[in-house]
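Only one structure is covered here, and it is reproduced in the block below.
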Amino acid sequence: MRHFLITLLLAVISCAAGQFFDPPPINPDPVLDSAATRGLHPATPALSTPAAAADNRPVDRELTRVAVLGYHNFSETKPVTEMLMRTSEFRRQMEYIRSAGLRVISMKEFLDWRLGELRLPARCVLITLDDGWRSVYTDAYPILKEFGYPFTLFLYTKYLTGKGDSMTPDMIREMQAHGATIGSHSTSHLYPKTWKAAAARSEADEQELIDKEIGDSFTRLSELFGPISTYCYPGGYITPSMQRQLPTYGYTAAFGIIPGKVDCQEDVWQVHRYMIFGNNDSIFERAMEFDSAGRKTSVPAARLSPTPPFPVYPAPNATVPAGLPLISAQLSSIQNIDLSSVQMSVSGFGRVPVKIDSGTASVSWSPPIRIYLPTLSVHLTWKTYNGASHKTEWFFHISPEVTAQH
């Protein structure tokens with residue numbers, strides 16, 4: 001009888017404990033619930049199918065595709081811009097990656113795979129953060145550490161003072177101890193006009209600037225944080241001279257700002273990267289779109305371009321045979337147009353600095369680096385002197401012989 005009472009008492013205690021210590025019910029897909037309100041393609045089969053999310057087995061190298069994500073600054077209170085993202089939005093994106101079952105890889109894994117020494121799953125993500133903003137340490141780093149995601153910091157050495165919005169070297173070393181890899185983002189983060197001016201003066205001036213911005217940065221960052229091997233072009237500005245010199249300093253790969261999935265034949269001196277803007281969810285959406293083989297996705301062929309109300313080049317739906325097309329619009333037919341108000345945006349580049357020819361009432365722009373995207377969209381806005389705003393857009397294609405990157 002005594003044994004029975006003890007057994008009964010233990011059973012009662014066990015049941016009561018269960019009422020207090022059983023975990024609360026978990027939403028089986030909380031990320032997709034929040035993502036749905038943000039337009040992050042929650043129903044995309046490649047992201048939401050459990051079988052796809054569970055399969056992270058290594059595949060043949062040529063079947064792997066990597067989405068390289070580029071971030072900058074974070075805040076939960078400051079105004080959102082292209083370069084500044086809500087911290088809560090960054091968390092939602094990291095949660096989305098986890099719920100989709102995508103493998104987040106380190107820079108070492110990426111380079112080993114690219115150089116043929118490692119096999120990876122079909123769908124992978126590489127996270128990079130540019131410049132050295134203090135909010136990377138205060139806002140993004142705790143989230144990345146929580147999720148256990150490795151990441152790469154592309155730093156420019158003049159922004160490592162700890163003053164204002166910059167990080168200190170000690171902050172960076174702490175992040176190194178928890179999954180961060182260091183890469184160079186130059187010494188001074190110069191704008192293209194400075195590079196162009198040096199090249200226009202002489203080859204010697206251009207070489208001196210390359211040594212200072214790319215070579216000295218490699219040396220300084222290696223002294224502060226140990227060996228580095230990667231470079232990130234500030235503003236995506238690339239020249240053949242830069243690419244020739246990079247390996248002489250010790251770099252093994254360099255990253256740009258042209259979006260697209262990375263495959264095993266990627267040009268290691270111009271690696272594709274999705275720049276994730278704080279005010280544009282669609283770029284992250286595209287980065288997360290993988291088909292069953294992990295191949296690149298593009299604008300569907302059936303998507304026909306609208307017809308602008310004036311001549312443009314490349315023509316709508318045309319295929320151009322070069323990766324450096326001149327993009328232009330002839331606006332003389334637009335009555336009372338304020339040419340100074342004309343703005344052009346190109347997919348992968350954002351707003352671009354158009355050249356305005358007031359004599360012919362035309363605008364034009366040429367990409368500073370070769371384009372490998374199969375399809376580009378061009379958005380043009382302008383105002384007339386009566387104060388009215390206008391816009392148009394069109395699409396064109398790059399020849400497959402160019403995008404194949406042979």
Side-chain angles (χ1 to χ4, degrees), residues 66-78 83-98 102-112 124-189 216-234 250-255 257 271 273-276 278 284 287:
V66 180
V68 185
L69 309 181
Y71 295 92
H72 286 85
N73 199 0
F74 306 88
S75 175
E76 198 58 32
T77 56
K78 295 179 181 178
M83 299 294 104
L84 189 145
M85 169 179 285
R86 284 275 174 266
T87 307
S88 55
E89 178 65 15
F90 181 69
R91 172 179 286 279
R92 277 192 288 269
Q93 292 184 2
M94 297 303 101
E95 288 175 340
Y96 191 82
I97 291 170
R98 180 173 63 182
L102 299 176
R103 167 80 176 276
V104 178
I105 60 174
S106 67
M107 182 60 76
K108 183 180 187 307
E109 289 175 307
F110 174 84
L111 295 176
D112 287 349
C124 295
V125 173
L126 177 67
I127 299 171
T128 67
L129 305 103
D130 292 3
D131 299 340
W133 295 93
R134 182 178 289 262
S135 65
V136 169
Y137 177 78
T138 59
D139 291 42
Y141 166 54
I143 296 170
L144 292 164
K145 184 179 177 183
E146 174 188 336
F147 282 83
Y149 290 162
F151 56 99
T152 294
L153 303 172
F154 284 123
L155 307 170
Y156 69 98
T157 55
K158 285 190 175 180
Y159 199 49
L160 297 178
T161 64
K163 299 177 182 178
D165 290 330
S166 67
M167 287 191 287
T168 66
D170 283 343
M171 292 174 180
I172 294 164
R173 293 188 186 98
E174 178 186 336
M175 288 188 284
Q176 275 188 288
H178 294 90
T181 299
I182 307 305
S184 170
H185 201 30
S186 80
T187 296
S188 311
H189 202 296
D216 290 357
S217 176
F218 180 95
T219 301
R220 179 58 176 155
L221 290 172
S222 297
E223 291 171 350
L224 287 171
F225 308 114
I228 68 169
S229 62
T230 56
Y231 183 74
C232 175
Y233 302 97
Y251 295 104
T252 59
F255 292 73
I257 61 170
V271 180
R273 196 164 60 132
Y274 293 91
M275 301 312 299
I276 309 302
F284 181 74

Check: [Y] and [X] side chains under 4.5 Å, non-hydrogen atoms:
X	Y	result
C124	E109	no
L153	F225	no
D130	H189	no
M85	Q93	yes
V66	V271	no
Y231	S186	yes
R173	Q176	yes
I127	P150	no

What distance do [X] atom [atom1] and [Y] atom [atom2] have between them, rounded to the nearest 0.5 Å?
X	Y	atom1	atom2	result
F255	T128	CZ	OG1	7.5 Å
L224	T157	CG	OG1	8.5 Å
Y251	S217	OH	OG	4.5 Å
D131	L155	CG	CG	8.5 Å
I143	E95	CD1	CD	8.5 Å
R273	L126	CZ	CG	9.5 Å

**Asked** What residues form a side chain to side chain donor-acceptor pair (under 3.5 Å) with T87, not counting sequence neighbours?
**Response**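 Partners of T87 under the side chain to side chain donor-acceptor pair (under 3.5 Å) test: D139.
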**Prompt:** Looking at F147, F74, F151, F284, which one forms a ring-ring contact (aromatic ring centres under 6.0 Å, His included) with F90?
**Reply:**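 For F90, the ring-ring contact (aromatic ring centres under 6.0 Å, His included) test succeeds with only one of F147, F74, F151, F284, which is F74.
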**Asked** Is there a donor-acceptor pair under 3.5 Å between the side chain of S135 and the backbone N or O of S75?
**Response**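 Not confirmed, S135 side chain does not pair with S75 backbone.
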**Prompt:** Checking Y137 side chain against M167 main chain: does a donor-acceptor pair fall under 3.5 Å?
**Reply:**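 No, the answer is negative, given that no donor and acceptor are paired below the 3.5 Å cut-off.
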**Message:** Minimum heavy-atom separation for A140 and L129, please, with both atom names.
**Reply:**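 Of all heavy-atom pairs spanning A140 and L129, the closest is CB-CD2, 4.1 Å.
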**Request:** Please name the pair of heavy atoms, one in L221 and one in G183, separated by the smallest distance, quoted to 0.1 Å.
**Result:**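 Scanning both residues, the minimum pair turns out to be CD1-O, 3.7 Å.
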**Request:** Please test L84 against H72 for side-chain contact (heavy atoms from CB on, under 4.5 Å), starting from the C-alpha separation and ending with a verdict.
**Result:** CA-CA 7 Å; L84 189 145; H72 286 85; over 6 Å; no
**Item:** Worked verdict on V125 versus Y149 for side-chain contact (heavy atoms from CB on, under 4.5 Å)
**Value:** CA-CA 10 Å; V125 173; Y149 290 162; over 6 Å; no
**Message:** For E223, is there an ion pair with R220 - N to carboxylate O distance below 4.0 angstrom?
**Reply:**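 Yes, this pair counts.
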**Asked** Run the salt bridge (Lys or Arg N to Asp or Glu O under 4.0 Å) check on D112 and K108 step by step: do they pass?
**Response** CA-CA 6 Å; D112 287 349; K108 183 180 187 307; 2.7 Å; yes
**Prompt:** Are R92 and E89 close enough, and set up right, to give a salt bridge (Lys or Arg N to Asp or Glu O under 4.0 Å), and what steps lead you there?
**Reply:** CA-CA 5 Å; R92 277 192 288 269; E89 178 65 15; 3.0 Å; yes
**Message:** Over 60° means perpendicular and under 30° means parallel, so tell me whether Y159 and Y156 are parallel, tilted or perpendicular.
**Reply:**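 Judged by the thresholds at 30° and 60°, the geometry between Y159 and Y156 is parallel.
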**Message:** My understanding is that only residues two or more places apart in sequence, or in another chain, count here; which of them pass salt bridge (charged side-chain N to carboxylate O under 4.0 Å, His left out) with R86?
**Reply:**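 R86 satisfies salt bridge (charged side-chain N to carboxylate O under 4.0 Å, His left out) with no residue once adjacent residues are dropped.
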**Message:** Among T152, T181, I182, which residue satisfies the side-chain contact (heavy atoms from CB on, under 4.5 Å) criterion with I228?
**Reply:**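 Answer to the side-chain contact (heavy atoms from CB on, under 4.5 Å) test with I228 among T152, T181, I182: I182.
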